[in-house]
Amino acid sequence: MKNSETRPPSAASDQPMIQMAGVHKWFGEFHVLKDINLTVRRAERVVVCGPSGSGKSTMIRCINRLEDHQGGRIVVDGVELTDNLKNIEQIRREVGMVFQQFNLFPHLTVLENLCLAPIWVRKTPRSEAESIAMKYLERVRIPEQAGKYPGQLSGGQQQRVAIARSLCMNPKIMLFDEPTSALDPEMIKEVLDVIVSLAEEGMTMVVVTHEMGFARTMADRMVFMDSGEIAEENTTREFFDQPRSERTRSFLNQILSH
Amino acid sequence: MDSRLPAAFPSILASPVTLIHWMRRNLFSSPLQIVLTLLALWIVYWSVLPFIRWALVEATWRGESRGDCVAEGACWVFIRARMGQFLYGFYPEPERWRVNVTFLLPGALGAPLFLPGFKRKLGLAALLLFVYPVVATLLLAGGIPGLPRVETSLWGGLTLTLVVAGVGIVASFPLGIVLALGRRSELPVIRALATAFIEFVRGVPLITILFMASVMLPMFLPAGVNFDKLLRALVGVTLFAAAYMAEVVRGGLQAIPGGQYEAAASLGLGYWKSMVLVVLPQALRVVIPGIVNTFIGLFKDTTLVLIVGLFDLLGIVQAATTDPNWLGYTKEGYVFAGFVFWIFCFGMSRYSVHLEGRFRVDDKENRGLVR
Amino acid sequence: MIWKDRRYRALLFQALALIGVIAFSVFLVHNALENLARRGIATGFDFLGSTAGFGIIMHLVDYTEASSYGRAFVVGLLNTLLVSAVGIVFSTLIGFSVGLARLSSNWLVARLAVAYVEIVRNVPLLLQLFFWYFATLIPLPTPRQSLGWGEAIFLNNRGLYVPAPIVEPGFAAVPWALIAALGGVVVLLRWNRRRFDATGRTLPVRSISAALLVGCPLAAFGIAGAPVTWQFPELRGFNFTGGCVVIPEFIALLLALSAYTAAFIAEIVRAGIQSVGPGQIDAAYSLGLKPAQTLRRIVIPQALRVIVPPLTSQYLNLTKNSSLAVAIAYPDLVSVFMGTVLNQTGQAVEVIAITMGVYLVISLGISLLMNRYNRRVALVER
């Protein structure tokens, strides 16, 4: 698995996919995001880490407008995120999200879960949607589960279905909000393997995770958030070998000590 | 889709700017919302304002007789004049202190139960449960030296409502538990009998049960045995409430994982001991909201006894509105009665929410699951 | 020791219970028969054929004082079913609206909904019924001073008077047109579905269906020359004749039942919608679904599973609560049969048994249907 240091620099294009400039957010009185500045280029893999409550999830949820922001600008693939519904819908079609709790639709089969958005949002004919769905189910290595309901699958299988579901919409960017935090240990690897293979194909992704081993091998850049701010941002090698700030150092000590 | 209720009032009153900002977000955020807000304001204008004007602003509060009610609004003099009857029914005036004592006693005795630190809770509860009913019956009905007899036909108003509700609640609770245990029994005959009883009682209206108790009970007893009219109604109400209570308790029993039953059995506890010591305490706690809901329903259902000739609060108010001295004040009567019932029922539902919250916290602390 | 053996103890216990119940029943029946014989009251169901001898103010089928008790039973039963059915429709409409309003982001609308629910739920139904009847409908003006709309609709303390339609022969075309329209809608929906699956394009089927279902019968009506005449209520002397009258007892019972049950339905709807986790909505939005699509395809299907069982419970409650009619003399089953007929014949056991039997059949029937529905739509799990 190569990260950007060994890949030729021209692999990443010039126009940034995600631009967050001076973003602030409040939940009532609580200042949850403080002056966030982040740029993600095409085919770049960014991992966001940090203690609980640091605002990591809130930040990536702002990227597809599951949360709104009160200050600053967010531009995704050239489209600015405002209250304009058309912009929001356009962005959501291009950005896929995978959640910690999977959030599969329990009343639909796996196949129906995957076909739902292509049929009703992209107006794809059903037969075409189904063949796309089967293709991605094979990609995540569980094509035989197509007719089952989410309640009948294991956690790892459900999360892989969730990844396939987002991929069926052909997104340009994939967001992962702690994708393995709700999984039993023996199932974490199968999900991380899928995410790694996605990265190898050049998908732009932002991953919030605690899995540092995975981050080290896969990420181009590391972002460390603490108390709503970006405390440190660096290339992966420098982040792990020579962390600049004290907070980063103590966090890494805690995480990497076992 | 925002499924949370929007922010509450107090913090926004800090300044005019925040007030306007709040109004724009929560009342006028889109054309549809503007229409809805205007519609809601119109509803308030058309129904709430006239009611407040009638009930409070233009109402007459003081006076002795009908002639004092000259204003446009409600004539609360009617309520004040008949208050004694509304509260005590036809209970003789000199004996009314007995009613007061009867209903203040559980409040005074039971208050320590709500104090967290009190030690003798079980003893006090037993006292209330077993001794108090006897004392209350003696006080209300009399018949012993020093307390002249007051026939149940003289009981009425709020007194009667509380008697029916109280007896119903206290009696239907253990009966409901027994029925629920019976329905889940492994003995087929017991289960069949319990299920048949529960499904039968839940499938018919309370009125038919009351009629059955009033009309048929005398018929089923040997000649000469007479059944007090109030007692018949109490039997009907208790059996009815017990069936619904049984279903609520059954839900709680089903929620207890099988492992609990097994653990109790493997410790050597027999059926009854494991039920009383292990299963029921957990099951009942889980369904507290359901239990209180059943009580609230029972409290409201006590009004049906007026159909079989008893004069509960609603019955007395109903009768009072036909008094030739006070014709035309039906609205005042029903608003008053409605208010009294509302206070009791709303209070009980708030208490249930409070209990739910308290038990949930206790559980978390006990199991270390605070997240 | 035979009595220590668990199986024998269980059998013994059950045998004793059974014997106890049977002995108790025999005791009751014996007493009943004795008491009835002493008072000279007949037993058996022959009384259903005897002449009733009393009038009923509202009857959906023909009924006079010369009709039998059996007929009176049918009249009462139909009145119960009518007020229950209409009540179910009204309470559902009001309940769903209030439940959705409770979840609105509009502060005023949400608070009004909460106030409605908390007030109506905590006041006894009988009291609300009395309020509607004695405090609202009875004090309406007399027929001579009715509240009127146009010359067609009148409201007074005898009831709501509306024009009665009298159909002429040509009217038969209208129901046929409606059936044809229904058939057309079914075909349209099927064809559209197939087209959508194949190409992803769809027609506005809802508008077209609505237009068909309303337009075809209307067209048939027009073509047949409008074959309906209206008989308007007219004031003759002290009262109205002609037209259709909805008695105030029915109106009061309907209003009370609908408003009361709607408050409970509102809470059920609210709980059902809130039971769908916010994660489901997040996932739907992040896939690009619009709020309306999310509601229709993700939230409502899951919410309905939670809503339907308690909803049917409330429908049953409404049907049983309709028996409060006896308190305001609306001639429902309890009022007519368990009231008047029982008083006249004295055959309490038979009358009460029949009445309870009817309600039991309704309750158990609906419960069975509901259990079947639940099993079918249960979410599939491991």
Side-chain angles (χ1 to χ4, degrees), chain A residues 57 60-61 63-67 85-86 88-109 112-130 147-154 162 165-166 168-171 174-175 177 182, chain C residues 105-107 189-206 271-309 373-382:
Chain A
S57 288
I60 70 166
R61 282 163 68 92
I63 298 179
N64 67 351
R65 201 64 172 185
L66 286 182
E67 305 280 354
L85 275 176
K86 279 203 69 181
I88 296 177
E89 283 165 16
Q90 189 179 345
I91 287 174
R92 284 180 178 165
R93 279 197 287 270
E94 307 300 328
V95 175
M97 188 158 196
V98 174
F99 300 87
Q100 183 179 352
Q101 300 295 337
F102 332 137
N103 289 336
L104 292 180
F105 305 130
H107 60 297
L108 303 174
T109 61
E112 287 166 352
N113 260 276
L114 266 62
C115 292
L116 182 76
I119 290 178
W120 294 102
V121 179
R122 290 205 190 273
K123 310 266 190 264
T124 319
R126 180 176 292 273
S127 46
E128 198 184 314
E130 281 180 4
K148 297 254 183 77
Y149 284 89
Q152 295 173 292
L153 304 180
S154 75
R165 180 177 65 175
S166 297
C168 282
M169 286 293 282
N170 231 332
M174 282 289 279
L175 305 173
D177 187 359
Chain C
S105 55
N106 186 317
W107 181 87
L189 287 176
R190 286 239 180 98
W191 175 82
N192 185 60
R193 183 75 204 244
R194 239 175 293 142
R195 185 163 169 259
F196 182 68
D197 280 351
T199 67
R201 296 203 315 269
T202 177
L203 293 172
V205 276
R206 264 177 287 182
I273 293 183
Q274 283 184 323
S275 76
V276 180
Q280 293 286 301
I281 300 173
D282 281 346
Y285 283 359
S286 66
L287 284 169
L289 276 109
K290 301 199 178 75
Q293 290 171 318
T294 308
L295 195 62
R296 231 187 107 198
R297 305 213 166 262
I298 306 296
V299 177
I300 288 184
Q302 296 185 59
L304 273 182
R305 281 172 173 82
V306 177
I307 288 177
V308 168
Y373 169 81
N374 265 346
R375 257 185 305 232
R376 244 178 36 130
V377 299
L379 291 177
V380 183
E381 292 181 9
R382 279 218 260 212

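Everything numeric here is computed off the predicted structure, so don't read it as measured data. Proteins come first, then strands; the chains are lettered A, B, ... in the order of their sequence lines, and each starts at number 1.
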>> Please find the pair of heavy atoms, one from C:S286 and one from A:N64, that lie closest to each other, and give the distance.
In response: CB-ND2, 3.3 Å
>> At a 4.5 Å cut-off on heavy atoms, which part of A:L66 comes close to chain C: side chain, backbone, both, or neither?
In response: side chain
> Looking at A:P106, A:A129, A:P118, which makes the most heavy-atom pairs under 4.5 Å with chain C?
Replying inline: A:P106
>> Minimum heavy-atom separation for A:V121 and C:Q293, please, with both atom names.
In response: CG2-OE1, 4.3 Å
> Would one find more than 12 heavy atoms of other residues, nucleotides or ligands at under 6.0 Å from atom CZ of C:R195?
Replying inline: yes
>> Main chain of C:G279, side chain of A:N103: is a donor-acceptor contact present, judged purely on distance under 3.5 Å?
In response: yes
>> Which heavy atom of A:P125 sits nearest to which heavy atom of C:A198, and what is that distance?
In response: CB-O, 2.9 Å
>> Would A:I119 and C:F196 count as a side chain to side chain contact (heavy atoms under 4.5 Å, CB included) here? Give the steps.
In response: CA-CA 9 Å; A:I119 290 178; C:F196 182 68; 3.4 Å; yes
> Which bit of C:R297 is near chain A, if near means a heavy-atom gap under 4.5 Å: side chain, backbone, both or neither?
Replying inline: both
> Considering all heavy atoms of both residues, which atom of A:E89 and which atom of C:K290 are nearest to each other, and what is their separation?
Replying inline: OE1-CE, 3.3 Å
> Taking A:S166, A:G96, A:A117, A:C168 one by one, which has the highest count of heavy-atom pairs under 4.5 Å against chain C?
Replying inline: A:A117
>> Between A:F105 and chain C, with a heavy-atom cut-off of 4.5 Å, which part of the residue counts as in contact: side chain, backbone, both or neither?
In response: both
> How many angstroms lie between OG1 in C:T199 and CZ in A:R126, if you round to the nearest 0.5 Å?
Replying inline: 12.0 Å
> Rounded to the nearest 0.5 Å, how far does CD of A:E130 lie from CG of C:D197?
Replying inline: 8.0 Å
> When heavy-atom pairs shorter than 4.5 Å are enumerated against chain A, which of C:Q302, C:R201, C:Q280 gives the highest number?
Replying inline: C:Q280
> What part of A:Q101 lies closer than 4.5 angstrom to a heavy atom of chain C: side chain, backbone, both or neither?
Replying inline: neither
> In Å, rounded to the nearest 0.5 Å, how long is the span from CH2 of A:W120 to OG1 of C:T202?
Replying inline: 7.0 Å
> Can you say whether C:R194 sits under 4.5 Å from chain A via the side chain, the backbone, both, or neither, judging by heavy atoms?
Replying inline: neither
>> To check you understand the geometry: which heavy-atom pair defines the closest contact between C:A283 and A:F99, and what is its length?
In response: CA-CE1, 3.5 Å
> CG/A:L116 to CD1/C:I298 distance, rounded to the nearest 0.5 angstrom?
Replying inline: 5.0 Å
>> Quick check: closest heavy atoms across C:P301 and A:H107, and the distance to 0.1 Å?
In response: CB-CD2, 3.6 Å
> Side chain, backbone, both or neither: which part of A:R165 has a heavy atom under 4.5 Å from chain C?
Replying inline: both
>> So for A:L104, is it side chain, backbone, both, or neither that comes closer than 4.5 Å to the heavy atoms of chain C?
In response: backbone
